[in-house]
Amino acid sequence: MKDFQLLTTRELSAALQYLASGSKVKLLAGGTDLLVDLAQKSHRLAGIDYLLDISQIKELKLIRVRDNRLEIGSLVTHTDLSENPLTRRYFPMLVQAARVIGSTQIRNRGTVGGNINHASPAADLLPPLLALRSEVELTAQGGSRVLPLSQFVTGPYQTCLRPDELLTTLRLPLPSPDYYGSFQRIGRRKAVTIARLSLALVVRVTNGLFQDSRLVPGSATPYPQPLARVEAALNNQAVAMLDLEEMGRLAGEEMVALSGERWSTPYKKPALASLVKKALLAIMEEVAADGKG
Amino acid sequence: MEKVKVRLTVNGNSFCLEVGAKERLLDTLREQLRLTGVKEGCSIGECGACTVILNGEAVNSCLVLTGQLDQSEVVTVEGLAQDGRLEPLQQAFIDHHAVQCGFCTPGMLMSAKALLMKDPHPGREQIKTALEGNLCRCTGYQQIIEAIESLTGPERE
Ligand SMILES: Cc1cc2nc3c(=O)[nH]c(=O)nc-3n(C[C@H](O)[C@H](O)[C@H](O)COP(=O)(O)OP(=O)(O)OC[C@H]3O[C@@H](n4cnc5c(N)ncnc54)[C@H](O)[C@@H]3O)c2cc1C
Ligand code: FES
Ligand code: FES
């Protein structure tokens, strides 16, 4: 690995200026992915001229409500995310996912922006963030653009971030009262990967029917992405009459269609089916308790 | 290669350091400041032997570059004892036989200390969560958990 220089700044504008310089710059936030790459001499760091530390830029550490959205700064750590009153109030699913990432030490340092940009198949925040229809704000010196997160992550360890851009903020539309969500997870990161799987499900319930479903499994497909066929099958179904077995089976099939048959398939297919059933059941119970089923 | 200048407070003492681009906090503590209580186990965030307290929170010093830390405050295991007297947490580890080979102990102490700074009366679940990122190959964890519990008073409901 060739030598690089370390740049640091507390100002977003200075960071954007470095990014616009045309040199090969790699951003460094909490470092919990990047320093592992450094220790393992990963190809992901090959040929960089500068490492640009953004971990001390305060304005990217905020969580606030604006324009009916929750805005989460890219440098918010997993610990901050799971302890924040606004996230706890509006998006318990996100708190659930953040609380079990790595270890206390990893959660104290690892950031939301790093988790998204590393775009690992096992990134724990991606399924809930995708299911909650998050948008990312990408900022360059010339201005910002906003993209749905589902368009931002384009493949395993791949995003469409341009070299002069930085992910500044994540925006989540605040849920209206007719939205329901459930997050399910089995296995820990330390466990062998075969035993690891998660699922985020968000639906709207109108007149007793599922609408607008979003179902995103984690560690199931080459990169976290919605299962569009299951979503289509779920929409317009009556909450009270849902065929849970069928939905579970469809999810297993769509996962295999996206990832191909793998050595882990005999375990993951039924495991995903069971997570889908659990998530749907949890939502059905909540809907019934609200008297909307 | 150009060095980065960093002002750092370590165990209450201020330092003005020059560090290399790839220098981790772990390297600075052990090699520049000779604080060898900080241990290197896995180098990739899995074992917790390198845990220190950074701005009040437990972190893996193998996953932080010192160049990122201008104006930060670090506490290592060497900063726990005051005026030659062991801190109660250290004494509790001794009293509860929570130390065998000792390799994990500095990291364990710092994770436990960070927890107690945030919450002086944690329950057993919180203690376990705080130690999740610290591996111990000798004790089986039970004595370590008991050592910490001996300082936390009765568990809250
Ligand atoms: C022991 C261990 C356990 C872990 N366990 C889990 C786990 O259970 N679940 C999980 O999901 N992850 C886990 N991780 C991975 C990691 O902790 C998370 O992905 C974390 O959120 C990464 O954030 P970071 O700030 O540390 O990223 P960094 O390492 O600083 O950066 C990661 C990547 O994102 C880029 N980047 C960072 N911020 C931005 C930004 N604002 N704009 C554009 N690009 C940016 C960097 O250039 C780099 O490519 C674990 C890691 C370790 C070492
Ligand atoms: S050496 Fe840092 S966690 Fe193992
Ligand atoms: S006492 Fe030996 S590793 Fe913990």
Side-chain angles (χ1 to χ4, degrees), chain A residues 1-11 15 25-42 45 48-58 61 75 77-80 82-83 98-111 114 118 188-191, chain B residues 1-7 18-27 40 42-72 107-108 110-112 114-115 118-119 122 125-135:
Chain A
M1 196 179 293
K2 83 171 198 197
D3 278 343
F4 53 77
Q5 280 185 33
L6 180 67
L7 303 169
T8 74
T9 177
R10 289 168 190 266
E11 304 298 331
V25 182
K26 181 86 179 159
L27 293 168
L28 170 63
T32 59
D33 277 318
L34 203 145
L35 264 83
V36 173
D37 280 352
L38 193 59
Q40 299 177 337
K41 304 200 171 9
S42 160
L45 297 176
I48 63 167
D49 302 310
Y50 297 99
L51 202 57
L52 172 55
D53 170 47
I54 55 172
S55 65
Q56 304 230 54
I57 301 180
K58 281 213 183 72
K61 298 186 183 189
L75 290 177
T77 63
H78 303 308
T79 298
D80 293 340
S82 55
E83 290 177 354
R99 280 180 61 170
V100 291
I101 287 179
S103 61
T104 299
Q105 292 95 318
I106 296 292
R107 291 189 292 274
N108 284 342
R109 231 16 231 169
T111 65
H118 194 61
R188 306 206 40 95
R189 181 179 186 276
K190 294 264 175 64
Chain B
M1 197 178 21
E2 255 179 68
K3 299 247 175 185
V4 183
K5 282 206 175 71
V6 178
R7 283 154 297 172
E18 293 205 341
V19 301
K22 294 181 191 171
E23 185 168 327
R24 303 163 303 169
L25 177 57
L26 173 68
D27 306 319
E40 178 157 20
C42 65
S43 323
I44 52 166
E46 306 267 2
C47 76
C50 66
T51 304
V52 300
I53 299 179
L54 171 64
N55 300 325
E57 293 186 315
V59 303
N60 300 310
S61 63
C62 70
L63 294 185
V64 186
L65 293 180
T66 310
Q68 298 181 275
L69 299 183
D70 191 35
Q71 303 189 39
S72 299
M108 287 286 180
M110 299 323 284
S111 284
L115 170 69
K118 213 168 167 177
D119 178 359
E125 277 317 303
Q126 280 117 308
I127 296 175
K128 282 189 181 165
T129 303
L131 300 183
E132 234 172 13
N134 294 78
L135 299 186

Select one option (side chain, backbone, both, neither) describing which atoms of B:Val4 are under 4.5 Å from chain A's heavy atoms.
side chain

Part of B:Leu131 lying under 4.5 Å from any heavy atom of chain A:
neither

Do A:Thr8 and B:Gln68 have side-chain N/O donor and acceptor atoms under 3.5 Å apart?
no

Between the OG atom in B:Ser111 and the CG atom in A:Asn108, the distance rounded to the nearest 0.5 Å is 9.0 Å

Distance in Å, B:Leu63 CG paired with A:Gln105 CD, rounded so as to fall on 0.5 Å steps
9.5 Å

Would you say the side chain of B:Arg24 lies within less than 4.5 Å of the side chain of A:Leu38, judging by non-hydrogen atoms?
no

Is the count of non-hydrogen atoms from other residues, nucleotides or ligands lying under 6.0 Å from B:Gln71 atom CD greater than 12?
yes

Given that the side chain runs from C-beta out, which part of A:Thr32 has a heavy atom under 4.5 Å from chain B: side chain, backbone, both or neither?
both

Calculate, to the nearest 0.5 Å, the distance between atoms CG and CZ belonging to B:Asn60 and A:Arg109 respectively.
10.5 Å

Taking every non-hydrogen atom, the tightest pair across B:Glu132 and A:Ser103:
OE1-CA, 3.7 Å

Honestly, the part of B:Thr51 sitting under 4.5 Å from a heavy atom of chain A is side chain

To the nearest 0.5 Å, atom CZ of A:Arg107 lies from atom CD of B:Glu57 at 11.0 Å

What distance separates A:Thr9 OG1 from B:Asp70 CG, expressed to the nearest 0.5 Å?
11.0 Å

Can you say whether A:Arg99 sits under 4.5 Å from chain B via the side chain, the backbone, both, or neither, judging by heavy atoms?
neither

Which distance, rounded to the nearest 0.5 Å, do you find between the CG of A:Leu35 and the CG of B:Leu65?
4.5 Å

